[in-house]
Amino acid sequence: DKGNHRHFMAKEIHEQPEVVGHTLSTFYRPMTETVELPAAPYDWAALPKVTMVACGTAHFACAVAKYWFEQVARLPAETDIASEFRYRNPPLVKGGLSIFVSQSGETIDTLTALRLAKEQGQHIAGIVNVPESAIARESDVLYPTNAGPEIGVASTKAFTCQLTTLALLAIAAGEARGSIDADERKRLTRTLAELPRLMNVALHLDEVMGEVAHDLAKARDVLYLGRGAMYPLALEGALKLKEISYIHAEGYASGELKHGPIALIDENVPVIVLAPSDELFDKTVSNMQEVMARGGRVILITDKTGAERAGDSAWHTIVMPDADPFVAPILYSIPIQLLAYHTAVAKGTDVDQPRNLAKSVTVE
Ligand code: F6R
């Protein structure tokens, strides 16, 4: 049932404030502002390393979480794509935790990677949306996401729920390891508790995104740029656009621009810049100016302060609600999803069933 939406994808994008709220309440206790995780055979304080493995969009959730585990928990974190991980014979640190992230819980590469890590004595945790799936069953500890059934082939609400769960794990790990104190834990959990409301505000960009998408739909190639935890989000934005609108798109770390991709820039290659006004903002603005100096057209997605600091030189400026940098990757998922969705609608492609793609990839 699509409710009053044209596509499952639109319905699932708009469900995010609610399902992110459900996912939060799995482990977050608002009265005490604590994170309570299920019993586990490992102690976050003693973990030498966390290794996160997944495919596609779920892998980009892991790539965001790497920044969180490193910054909040000072825990060495590695991520890999399951199809690479399973064949590269990785030297896994003894006593380490391997986390497998999957909406379906049936992705064959991720499942096989899990079995390999298990054989090598790793602790196994699953972040899975389908509780009766193979990855859920074979994990030592399950951290379920509560996104509800995701029907659209392009993952949207499962992604933000995976991010929410990973953010809670990073906070719990940080507290266990003493890298954050109770005040900082409260501050971080509060930013998560605020998310559903901020996501609702961001969903009001639906109409504006429809207008921007009208312009974007004419492009043949698009670049997405971001720094820090917004870099994996740039990768996710590019993946979402290409899979449903069939426009060629690539994501880059903003700082990599001058190491190659800048050669592509001209008036025909729109550049989408994901840049909340954090401490790296000025660097991103200078990357933006490099793009514009070469005739490139920028779609800047930022907050009010960022929009003021950037001036009105961008082709389009999308103003997001203010948010703590910690939760920005979750919040900024909304505009990139809306942009991909509306671009696909403008192009008339099959949004819920893109060509050549399957919802669950159970063959190699
Ligand atoms: C992209 C998308 C895919 C999946 C990937 C992993 O929108 O949906 O990239 O994220 O196939 O699927 P799961 O999470 O089921 O393991």
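Every number for a ligand or one of its atoms is a count from 1 in the order of the listing.
Assignment of K240 to the shell around ligand 1 is supported, since a heavy atom sits closer than 4.0 Å. A heavy-atom separation below 4.0 Å is not found between S360 and ligand 1. The shortest heavy-atom distance from L357 to ligand 1 is not under 4.0 Å.
Within the listing of ligand 1, atoms 8 (O) sit less than 4.0 angstrom from a heavy atom of V153. Using a 4.0 Å cut-off to heavy atoms of E243, the atoms of ligand 1 that qualify are 1 (C), 7 (O). Below 4.0 Å from some heavy atom of G56 lie the following atoms of ligand 1, by number and element: 9 (O). Residue contact check: A58 has heavy atoms under 4.0 Å from atoms 10 (O), 14 (O) of ligand 1. Of all atoms in ligand 1, numbered sequentially from 1 with element shown, those under 4.0 Å from a heavy atom of T107 are 12 (O), 13 (P), 15 (O), 16 (O).
Identified under the side-chain hydrogen bond (donor to acceptor under 3.5 Å, both in side chains) test for residues 328-337, with sequence neighbours left out: Q16-Q337.
Looking only at heavy atoms of the protein, atom 10 (O) of ligand 1 is closest to T57 N, 3.2 Å. Protein heavy atom nearest atom 6 (C) of ligand 1, with residue, atom name and distance: C55 O, 3.4 Å. The protein atom (non-hydrogen) at minimum distance from atom 14 (O) of ligand 1 is Q103 N, 2.6 Å. Looking from atom 11 (O) of ligand 1 to the surrounding protein, the closest heavy atom is V361 CG2, 4.3 Å.
For the pair R355 and Y246, the cation-pi test (distance below 6.0 Å, angle within 45°) is passed.
Atom CD of E267 is surrounded by more than 12 heavy atoms from other residues, nucleotides or ligands within 6.0 Å. Around the NE2 atom of H259, the shell of radius 6.0 Å holds more than 12 heavy atoms that belong to other residues, nucleotides or ligands.
Residues passing the side chain to side chain contact (heavy atoms under 4.5 Å, CB included) test with P232, sequence neighbours excluded: A63, V64, Y67.
Taking 4.0 Å as the cut-off between side-chain N and carboxylate O, E290 and R294 do not count as a salt-bridged pair. The existence of a salt bridge linking E78 and K49 is confirmed by a sub-4.0 Å separation between a basic side-chain nitrogen and an acidic carboxylate oxygen. In summary, R190 and E194 do not engage in a salt bridge, as defined by a charged side-chain N under 4.0 Å from a carboxylate O. Between D80 and R88 there is a salt bridge, with a side-chain nitrogen of the basic residue lying less than 4.0 Å from a carboxylate oxygen of the acidic one.
Geometrically, ligand 1 and S104 share a nitrogen or oxygen pair separated by less than 3.5 Å.
Here T110 has no heavy atoms under 4.0 Å from ligand 1, in either its backbone or its side chain.
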